[in-house]
K.L.:
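Attaching a single structure in structure tokens format; questions to follow.
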Amino acid sequence: MAESTFDVVVVGGGPGGYVCAIRAAQLGFKVACVEKRSALGGTCLNVGCIPSKALLAASEKYEEAKHGLAKFGIKVDGVELDLPGMLSHKDKVVKENTGGIEFLFKKNKIAWLKGAGRITAPNTVEVEGVGTITASKAIVIATGSEVTPLPGIEIDEQKIVSSTGALELPEVPKRLVVIGGGVIGLELGSVWGRLGAEVTVVEFLDRILPTMDGEVSKQMQRILGKQGMTFKLGSKVTGAKVTNTGVTLSVEPAAGGTAEEIKADVVLVAIGRRAFTNGLGLDAVGVEMDNRGRVKIGKHFETNVPGIYAIGDVVEGPMLAHKAEEEGVALAELLAGQAGHVNHDLVPGVVYTWPEVAAVGKTEEELKAAGTAYKAGKFPFTANGRARASGTTDGFVKILADARTDKVLGVHMVGPNVSEMVAELAVAMEFSASAEDIARTCHAHPTLSEVTKEAALAVDGRALHI
Ligand code: FAD
Ligand code: NAI
């Protein structure tokens, strides 16, 4: 190996790590990124955000071509699924994206050290197959997360799969049971449901998307139910028997009670993810962890060991790619003596089902629990001309504003393209906008974003088109 000394050594090449590496290189540091996978981009680009969105997009087109075009006066006969073709679309997108990061590394003169990294001292990383690397300024832990296992249910990635296996099923299962009604369960459940599987979601709590606003959960359960998804809420899976033909699950009420059997061809376990630090040597070097196995950090991403920092899924906060990226940028800027900062109160969350779900800021439940007096303005997509023209009228935008100051505290959306619409609200909230500020901003007609303006007007009971 030509070089063994760098300013910054990032362990992990996912959205947290690769973005931190790029920003650090832009700021003049000599940077190495240690990544053991055969491609850069981490979970997100290889087995997460990007492949799942490729399949969501493709399955949406299939569903629309098969069932959704007649209402527009378009007759299509003989629509057929070519699953290998769909999977190769996904693989191609992943390859292009991960290749893009490799290109960015070359452009920014970042060394990709291919192998597993182990921290052996506060400024030293041992990279398998590469050697000993010294970091004169910082080691950044960006090792991400892994699937949370469900005790007693062994993932074989054939019949009992994690999200990774669910991105490459060789055929459409007749019956897919998803354990966990969170983001992965609903997104990948939607993919296979659109392609023809009967999807049953078994959720431990009494509602799906339990961390989101209650009204959003209720609306999504209704809409996904209409699309054919079945929900078994307040239920836990206590065992799985794999047979030649599939899997038999034992399911009980969450509070205990009589068990029933559910048969599936494929079971997807999606009950969350947990921080990944295996083999990183954190014990030996004395880096503290919290009680959930995440690396403990201070305000500036520093661990208790000087010179070692951590960002992304491996630390506290939502396990989202954009949160990891923001932390990567902020940390690189702090290392360069700049004022790097992440506003963790305004990290948007999106579920890429159809319709989509998007949110930023506080939920009604959180505001109530905190005793904050608030006003709510809500407007449905059914009353929006553009949504009607495109035949996508499910959903609403809800804006929660402080009852006294009118400052926007939270926004919750279900509807077409809300993954894009939420950015307007995130910007507004970063600037401490009031609902009145949004209501008085001219929004183009006819656009879906008029629903946001109307919801802002509705905060003071003056929506125009309802
Ligand atoms: P990761 O992306 O997990 O990257 C960590 C990298 O570190 C990995 O490549 C790993 O190989 C490497 N590594 C670990 N240990 C070592 C070591 N010792 N040496 C060398 N390398 C090591 N988030 C969104 O915001 N939007 C989405 O739409 C979305 N969809 C998702 C869909 C699925 C199916 C899944 C599973 C996740 C999804 N996520 C999504 C979450 C997102 O993928 C993560 O939040 C994000 O990848 C976290 O980035 P990270 O850099 O912290 O970690
Ligand atoms: P999740 O936390 O979103 O949902 C897990 C669900 O499983 C919860 O509803 C929980 O109550 C339930 N659950 C937990 N234990 C259970 C049990 N024993 N039986 C039945 N249900 C149980 O986790 P998920 O869906 O696995 O996704 C992991 C993470 O990946 C997400 O938290 C998110 O951060 C990220 N992700 C983000 C996406 C996005 O931004 N669009 C897409 C996919 C994943």
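Quick note: numbers below take in every heavy atom, side chains included, and nothing from hydrogens, waters or symmetry partners. One-based numbering, in listed order, for ligands and for the atoms of each.
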K.L.:
Pick out which of Lys323, Glu327, Glu316, Glu326 makes a side chain to side chain donor-acceptor pair (under 3.5 Å) with His344.
P.N.:
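Only one of Lys323, Glu327, Glu316, Glu326 forms a side chain to side chain donor-acceptor pair (under 3.5 Å) with His344, namely Glu327.
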K.L.:
Within 45° of the six-membered ring axis of Phe6 and under 6.0 Å from that ring's centre, is NZ or CZ of Lys30 located there?
P.N.:
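Yes.
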K.L.:
Side-chain contact, heavy-atom cut-off 4.5 Å: Val397 with Phe379?
P.N.:
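No; the side chains remain at least 4.5 Å from each other.
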K.L.:
Could you pull out every N or O of ligand 2 that sits under 3.5 Å from a protein N or O, with the distance for each pair?
P.N.:
unit_1: ligand 2; atom_1: 3 (O); unit_2: Val183; atom_2: N; d: 3.2
unit_1: ligand 2; atom_1: 9 (O); unit_2: Glu203; atom_2: OE1; d: 2.6
unit_1: ligand 2; atom_1: 9 (O); unit_2: Glu203; atom_2: OE2; d: 3.4
unit_1: ligand 2; atom_1: 11 (O); unit_2: Glu203; atom_2: OE2; d: 2.6
unit_1: ligand 2; atom_1: 21 (N); unit_2: Phe204; atom_2: N; d: 3.2
unit_1: ligand 2; atom_1: 23 (O); unit_2: Gly272; atom_2: N; d: 3.4
unit_1: ligand 2; atom_1: 25 (O); unit_2: Val183; atom_2: N; d: 3.3
unit_1: ligand 2; atom_1: 25 (O); unit_2: Ile184; atom_2: N; d: 2.9
unit_1: ligand 2; atom_1: 26 (O); unit_2: Ala270; atom_2: O; d: 3.4
unit_1: ligand 2; atom_1: 26 (O); unit_2: Gly272; atom_2: N; d: 2.8
unit_1: ligand 2; atom_1: 34 (O); unit_2: Met319; atom_2: O; d: 2.6
unit_1: ligand 2; atom_1: 40 (O); unit_2: Val350; atom_2: O; d: 3.4
unit_1: ligand 2; atom_1: 41 (N); unit_2: Glu187; atom_2: OE2; d: 2.8
unit_1: ligand 2; atom_1: 41 (N); unit_2: Val350; atom_2: O; d: 2.7

K.L.:
With a cut-off of 6.0 Å (strictly less than), are more than 12 heavy atoms of other residues, nucleotides or ligands near CD of Glu365?
P.N.:
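Result for CD/Glu365: enclosed.
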K.L.:
Restricting to non-hydrogen atoms, name the atom on Ser419 and the atom on Tyr352 that form the minimum distance, rounded to 0.1 Å.
P.N.:
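Smallest interatomic distance, heavy atoms only, reads CB-CE2, 3.8 Å.
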K.L.:
Compute whether any side-chain donor of one residue and acceptor of the other, for Thr303 and Glu288, lie under 3.5 angstrom apart.
P.N.:
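Not at all, the side chains of Thr303 and Glu288 share no donor-acceptor pair under 3.5 Å.
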K.L.:
Once you round to the nearest 0.5 Å, how far does CD1 of Ile297 lie from CD of Glu302?
P.N.:
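Between atom CD1 of Ile297 and atom CD of Glu302 there are 8.0 Å.
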K.L.:
If you draw a 6.0 Å radius around CD in Glu420, do more than 12 non-hydrogen atoms from other residues or ligands fall strictly inside?
P.N.:
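No, not enclosed.
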K.L.:
Can you work out which protein residues put a heavy atom within less than 4.0 Å of ligand 1?
P.N.:
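Heavy-atom contacts below 4.0 Å: Val11, Gly12, Gly13, Gly14, Pro15, Gly16, Gly17, Val34, Glu35, Lys36, Arg37, Gly42, Thr43, Cys44, Val47, Gly48, Cys49, Ser52, Lys53, Gly115, Ala116, Gly117, Ala142, Thr143, Gly144, Ser145, Ser163, Ile184, Arg273, Phe276, Leu280, Gly312, Asp313, Met319, Leu320, Ala321, His322, Ala324, Tyr352.
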K.L.:
Could Lys36 and Glu128 be called an ion pair, given the rule that one side-chain N must be under 4.0 Å from one carboxylate O?
P.N.:
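Salt bridge: no.
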